[in-house]
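The structure under discussion appears below in the form of structure tokens.
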Amino acid sequence: MPQPKDSPSPIPPGDTNISLEQAERLAQEYGNRFLLEPAPDHQLPELGMAAVDAMRLIGEELVLDGIPMRNLATFVTTWMEPEAQRIIAENLYRNFIDHAEYPQTAEIEQRCIRMLAHLFNAPGETTGARTQGSSEAIMLGALSLKWKWRARREEAGQDTTKPNLVFGGDVHVVWEKFCRYFDVEPRIIPLQKDKYTIGPEDVEPHLDENTIGVAAVLGTTFTGHADDIVGINDLLVTLKNDKGLDVPLHVDAASGGFVWPFLYPHSEWDFRLEQVRSINASGHKFGLVYPGIGWLVFRESSDLPDDLVFTENYLGKTDATFTLNFSTGSAMVLAQYYNFVRFGHGGYRYIMQTMQQNARALAKQIADIGAFRLVGGEDEEQLPLVAFQLQGEHPYDEFDVASQLAAERGWMVPAYTLPPNADHIKIMRALVKLTLSHAVANALAGDISEACETLEKKGGLHEVDRRRVHTGTGY
Ligand SMILES: Cc1ncc(COP(=O)(O)O)c(C=O)c1O
């Protein structure tokens with residue numbers, strides 16, 4: 001066949017004895033040079049590559065990652081509507097912190113905060129912050145607790161050197177992180193063999209005049225249940241009335257904040273309770289937005305200490321900020337507002353009920369396998385997930401099941417042990433989000449059953465295979 005004009009002369013495969021120019025021409029004609037070379041990994045390449053090549057290089061490496069929709073460990077959103085994706089794509093260049101230049105974006109943030117304050121039953125006008133996620137929201141909320149405690153103590157002429165914060169072993173690691181970063185003594189209530197959340201009787205012995213606050217969880221990372229927030233609130237109200245000790249309660253509603261108002265509207269955990277002074281929620285979890293958005297909402301504006309807010313002159317205009325970061329994207333704030341106006345209360349309720357229904361159907365199928373016991377019954381308030389553990393004697397454990405599932409169809413269903421003193425308890429957990437439809441949940445249940453059959457025959461996995469197991473709880 002005649003060669004097209006200007007095409008390179010064919011070079012036998014494997015012939016590396018060609019010039020750079022020839023290699024470039026061949027790559028232009030037939031493929032990409034990166035296919036034959038290691039990916040740049042320790043210094044900037046001398047010369048770059050074509051945009052399409054760079055895109056393909058990254059895309060082909062990402063194929064090696066797990067598929068987010070099969071990641072049943074993560075609470076974080078793995079799918080948004082195309083219209084939301086368009087809002088995100090069209091606003092990646094909008095720096096959120098630049099309130100003066102993008103006042104409408106700032107107004108949309110404030111609308112989201114007002115809507116959340118209303119959803120969480122704040123008694124009146126209040127304030128809050130958009131954050132990178134619940135971790136930043138918790139840092140800011142807990143800093144507010146510390147500042148308020150210190151101001152109270154200073155005013156009374158009392159010592160301010162030994163602040164402590166009380167929370168259960170069922171919290172996310174961010175609470176310990178806060179204590180270490182900001183010099184607060186963590187008073188961690190250990191979990192027990194059959195009690196994976198905390199209540200007032202656990203909290204009471206740890207409280208004193210140096211307690212800056214108590215943190216309670218709505219929807220734990222481990223089993224999806226809530227601490228006894230009503231009980232803890234009652235304890236703190238009694239303490240205030242009887243001893244004059246005003247200990248505030250912060251609710252970590254990272255996952256539960258977008259679930260409880262829709263599935264359990266009559267359950268009180270929010271600002272309906274007197275001592276609840278601040279709440280965080282992850283927009284990127286059941287708020288149904290892609291990663292990068294969290295919220296902090298105060299009961300009243302006065303719960304945010306004035307001196308945590310920085311007023312500065314930025315690009316010639318006065319601006320107030322309450323954040324740990326500065327420049328960041330606007331896209332996820334806009335995406336959150338998109339969800340709020342697109343779904344409304346009714347839409348969120350429908351979506352949460354759908355997830356719950358699918359979670360219950362999956363739970364039933366897992367229970368029917370016979371090898372497992374569910375952690376949490378239908379009558380218990382819980383995030384839309386299935387937490388389960390093996391019952392009876394088996395030649396394998398939860399970690400083996402997780403590994404077998406990963407090997408067979410790439411499922412990421414985590415197996416983990418609970419925090420102390422329940423660290424001998426092993427649990428598996430599957431989040432049921434919008435991407436786990438009834439049909440896909442059926443397939444998962446079938447795969448779990450098959451994994452058990454396989455393991456029953458061949459026994460637990462070799463140590464090498466077990467290394468594939470997802471042993472974190474997922475976030
Ligand atoms: C209860 C709880 N609090 C806090 C966090 C941290 O949230 P984020 O990942 O949004 O920073 C998580 C994350 O899984 C969580 O489950």
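As the structure is a prediction and not an experimental result, all values here were calculated from the model. Indexing begins at 1, ligand by ligand and atom by atom, following the structure's order. Index from 1, following the sequence.
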Using a 4.0 Å heavy-atom cut-off, which part of [X] comes near ligand 1: side chain, backbone, both, or neither?
X	result
H284	side chain
S134	both
S135	both

State, yes or no, whether a side-chain contact exists between Y196 and H225 at a heavy-atom distance under 4.5 Å.
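Side chain of Y196 against side chain of H225, heavy atoms only: no contact under 4.5 Å found.
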
Could you point out which residue of F298, W269, W260 forms a ring-ring contact (aromatic ring centres under 6.0 Å, His included) with F120?
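Result: among F298, W269, W260, W269 is the only option passing the ring-ring contact (aromatic ring centres under 6.0 Å, His included) with F120.
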
Look at [atom] and say which protein heavy atom is nearest, naming residue and atom and giving the distance to 0.1 Å.
atom	result
atom 7 (O) of ligand 1	K285 NZ, 2.9 Å
atom 16 (O) of ligand 1	T221 OG1, 2.9 Å
atom 3 (N) of ligand 1	D252 OD2, 2.7 Å

Pull out every atom of ligand 1 sitting under 4.0 Å from any heavy atom of S282, numbered as shown with elements.
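Heavy-atom distances to S282 below 4.0 Å select 7 (O), 10 (O).
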
Pull out every atom of ligand 1 sitting under 4.0 Å from any heavy atom of G133, numbered as shown with elements.
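Listed by number with element, the hits are 10 (O), 11 (O).
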
Does the side chain of E81 come under 3.5 Å of the side chain of Y338 through a donor N or O and an acceptor N or O?
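Distance-only check passes for E81 and Y338.
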
Do any nitrogen or oxygen atoms of E136 come within less than 3.5 Å of a nitrogen or oxygen of ligand 1?
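No.
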
Donor-acceptor contacts under 3.5 Å from residues 82-90 side chains, at least two apart:
{"residue": "Q85", "atom": "NE2", "partner": "M80", "partner atom": "O", "Å": "2.9"}
{"residue": "Q85", "atom": "NE2", "partner": "Y290", "partner atom": "OH", "Å": "3.4"}
{"residue": "R86", "atom": "NE", "partner": "E90", "partner atom": "OE2", "Å": "3.0"}

Pair R180, E176 - check salt bridge (Lys or Arg N to Asp or Glu O under 4.0 Å), show working.
CA-CA 6 Å; R180 197 178 302 172; E176 277 188 74; 5.2 Å; no

Give me the ring orientation class for F258 and F340: parallel if the planes are under 30° apart, tilted from 30 to 60°, perpendicular past 60°.
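It falls in the tilted class, 30° to 60°.
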
Verify the ring-centre separation between H345 and F262: is it less than 6.0 angstrom?
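Ring centres of H345 and F262 closer than 6.0 Å.
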
